[in-house]
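All residue numbers refer to positions in the sequence shown, counting from 1.
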Amino acid sequence: MPPLYSHNLEPGRDSLELASLASSDPGPDTGDDTSSRPSISSSRKLSLEREDPLDNGNYAASGHRVRPERSTSVNSTFSFAANLFPLSSTTGGGYAPLGAPTATRGHVNGGLGGGSLEKHKTLTYLNGLSLIVGLIIGSGIFSSPSQVNANAGSPGAAIIVWVVAGILAWTGAASYAELGGAIPLNGGPQVYLSKIFGELAGFLFTWVAVLVLKPGSAAIISIIMGEYLVRTFIGAEAETINPWISKSVALVGLFLVTFLNSVSTKLGTRMNDMLMFLKFVALLGVTIVGIVVAATGFSFSGAANLDWKKHDWFEGTKMDASAFAVALYAGLWAFDGWDNTNYVVGEFRNPGRDLPRVIHTAMPLVILSYILANVAYFFVLPLDTINSTNTVAVIFGSKVFGPVGALILALIVSASCFGALNASTFTSSRLVYVAGKEGYIPELFGRIGSGTAVDQHESLTTMRTRSWFTKKLVRIVADEDTGLFYTPIPALMLNCALTTAYVCVGEFGTLVTFYGVAGYTFYFLTVLGLIVLRVKEPNLERPYKTWITTPIIFCCVSLFLLSRAVFAQPLQTLLVVAFVVVGVPVYYWRRYVNGRSAVKREVGGMREVREERPWWKFWQIR
């Protein structure tokens, strides 16, 4: 251990916080100047140098009980290194192979793979904002607000449902912001559930998310993108389109975003940034057009809509609680995506500061945009038309500007879906990458590209031989520290392959129910974990701390939605439960496989030899 590391723990530091500091350590192999990063203050840098949680002298890392004089909760389950798995027992970003013993966890480059994305923190506040906005604003608000409006029964009630759904989604996002600041690692719920409830909970989330939730939702987005893009060329009024034409376009878009995110983190995030502004401009344009039409009565074809003048906005409101629940469920679906910034929080330059700012900027902006867009739809289109169509934006454009307007709106919706697909690909690849680091899936998927490190390692001769355009292009798209292709390419390929399979199958009725039940089950458990962490680790340093009522409200709403799904669609709910249960033996099998691969390790200059256990005792913890 280098002499600059101290063997003393600063009083008041929590074991989990000290372990989290390890994820920010760039390590000796990155070549980064830590002090040059605005995200790491001098005091934080000093903490990294003097209080390394991986130091043999650190009690949190050595497996001994924490010293009595430390300010930590007596009943904390996080007071031991074994219970800190895998935060305080690992290096290289805080990830450890599943099933490996505590003493042998921690490879030079982190986890099972080589290199670590968390060592190169490149994401900013704007990048995070574009990720969350890019995923929330996909196709829903442009194409099918009919589920909310039809079940609410009136425009006024529909607006209230949109507001309530947005606020409820905001409570979940605020809860995730606290978790992301306290545990600043990539992986989102996968990491939080592992740290709070144990490895099995984190693995089951990975099992469901990697195989179904993420690729399935990306497939839905890509197919909608393909359909709208095809309509821009064959006409928005076309009644029938060969599904394989739309699927072919969807696959081209999927392959394109996979390639863009493979080239560099900068290229993927810049694409998100540009498309985020396009979405806001489009929604602002729809709002302005709706207000102008309401004021002037202009209509390209037929008489202008006057329903918003002649009828009370709450006329026909449904008082049935079941109908309200369906409307609320549809609204929450339209706001889904608020959690995706947490999947990449380990790559933020300043997660404790930027993650809450991202959440509390994105959510009110999206809520306001949704409300204004729906008001504009009510100004221009009759309520019956809105409730009966899945292409409301196209009909909106056709009503105001004719065929040209319909085509322009169709192109805007397809671009919005492309942005959502790009953001989904970016965050999904980090989930798969962390799963590979943890050993939940084969370690290949926890590796990252070679990285050309253009600025650091490229010779002057090579730079002189390049053309001006080539050098400029490389500097624009390459990451500052690592150059080109320093991305989780195997993880991107796996996500692309699974999404391709879902696109080709194209049956999404069951998938939507699966997404709702499984998604909100893990939302509930993750936010519940926030409450558990508040009790078990009251002294844990939290850069952002939400009101305790926030996670309680979200948990209650999640239970309400889950109970509705159980009674409304019991067979499909049982299918979800069965799929999750199947992941349990897979979890123990992965523990067995990873445990056997670490029979002999070098630990502190001494060789540890572990006894082989019989294969049929694979459930035993090593």
Side-chain angles (χ1 to χ4, degrees), residues 32 37-39 117-138 186 218 221-222 225 252-283 337 340-351 354-355 357-359 361-362 365-366 411-412 414-431 433 448-449 451-456 468-489 491-492 495-496:
D32 293 342
R37 293 197 176 278
S39 60
L117 290 173
E118 291 81 358
K119 293 180 180 179
H120 305 279
K121 299 180 180 294
T122 59
L123 299 185
T124 63
Y125 163 76
L126 180 61
N127 299 146
L129 187 64
S130 65
L131 278 174
I132 191 170
V133 170
L135 264 169
I136 294 178
I137 304 178
N186 279 0
I221 295 171
S222 60
M225 177 197 69
V252 171
L254 174 63
F255 298 153
L256 178 58
V257 297
T258 301
F259 172 75
L260 293 176
N261 284 279
S262 297
V263 172
S264 67
T265 298
K266 178 188 288 187
L267 186 58
T269 54
R270 283 194 172 182
M271 183 64 65
N272 281 330
D273 296 344
M274 291 187 294
L275 291 174
M276 177 189 67
F277 288 112
L278 172 65
K279 294 179 183 187
F280 278 127
V281 169
L283 288 174
N340 278 271
T341 306
N342 288 72
Y343 289 101
V344 297
V345 69
E347 296 174 60
F348 271 86
R349 292 180 178 175
N350 194 328
D354 288 340
L355 185 59
R357 290 174 61 203
V358 166
I359 296 297
T361 303
L365 282 176
V366 173
L411 188 61
I412 289 175
S414 63
S416 177
C417 290
F418 183 82
L421 182 61
N422 184 69
S424 176
T425 300
F426 184 89
T427 57
S428 298
S429 66
R430 269 57 181 180
L431 173 63
Y433 156 78
I448 52 181
T452 56
V454 175
D455 292 332
Q456 284 78 13
W468 174 88
F469 176 78
T470 302
K471 290 188 288 186
K472 189 70 173 178
L473 182 63
V474 169
R475 293 187 184 278
I476 290 175
V477 303
D479 291 324
E480 180 180 347
D481 296 333
T482 55
L484 300 173
F485 297 103
Y486 196 83
T487 53
I489 295 176
L492 285 162
N495 182 72
C496 181

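A salt bridge is absent between D273 and R270; no separation between the charged side-chain nitrogens and carboxylate oxygens falls under 4.0 Å.
Here OG1 of T124 is found 11.5 Å from CG of N350. Values are rounded to the nearest 0.5 Å. Atoms CG and CZ, on L365 and F280 in that order, are 4.5 Å from each other to the nearest 0.5 Å. The structure places CD1 of I132 at 3.5 Å from CD1 of I359, a figure rounded to the nearest 0.5 Å. Distance check: N342 CG to L431 CG gives 12.0 Å after rounding to the nearest 0.5 Å. Taking CG of L256 as the start and CZ of F418 as the end, the distance is 4.0 Å to the nearest 0.5 Å. Distance check: L260 CG to F255 CZ gives 13.5 Å after rounding to the nearest 0.5 Å.
Between I137 and S416, the closest heavy-atom pair is O-OG, 3.3 Å. Minimum interatomic distance between A423 and G134 (heavy atoms only, all atoms of both residues): CB-C, 4.4 Å. In terms of heavy atoms, A282 sits closest to I412 at CB-CG2, 3.4 Å. Closest of all the heavy-atom pairs between M276 and L126 is CE-CD1, 3.8 Å.
Between the N261 side chain and the V257 main chain, a donor and an acceptor come within less than 3.5 Å of each other. Checked by atom type and distance alone, the side chain of S414 never pairs as donor or acceptor with a backbone atom of M225 at under 3.5 Å. Between the side chain of T258 and the backbone N or O of L254, at least one donor-acceptor pair lies under 3.5 Å. A distance-only check finds a donor-acceptor pair linking the side chain of T487 to the backbone of S262 [under 3.5 Å].
Inspection of the N272 and T269 side chains reveals no N or O donor paired with an N or O acceptor under 3.5 Å.
In summary, of the residues considered (N127, T122, N186), a side chain to side chain donor-acceptor pair (under 3.5 Å) with E347 occurs for N186 alone. Just one residue in the list L421, T341, T427, N422 forms a side chain to side chain contact (heavy atoms under 4.5 Å, CB included) with L135, and that residue is T427.
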Show your working on side chain to side chain contact (heavy atoms under 4.5 Å, CB included) between L123 and T265 and close with a plain yes or no. CA-CA 9 Å; L123 299 185; T265 298; 3.9 Å; yes

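Put simply, the side chain of N495 does not reach to within 4.5 Å of the side chain of S429, judged on heavy atoms.
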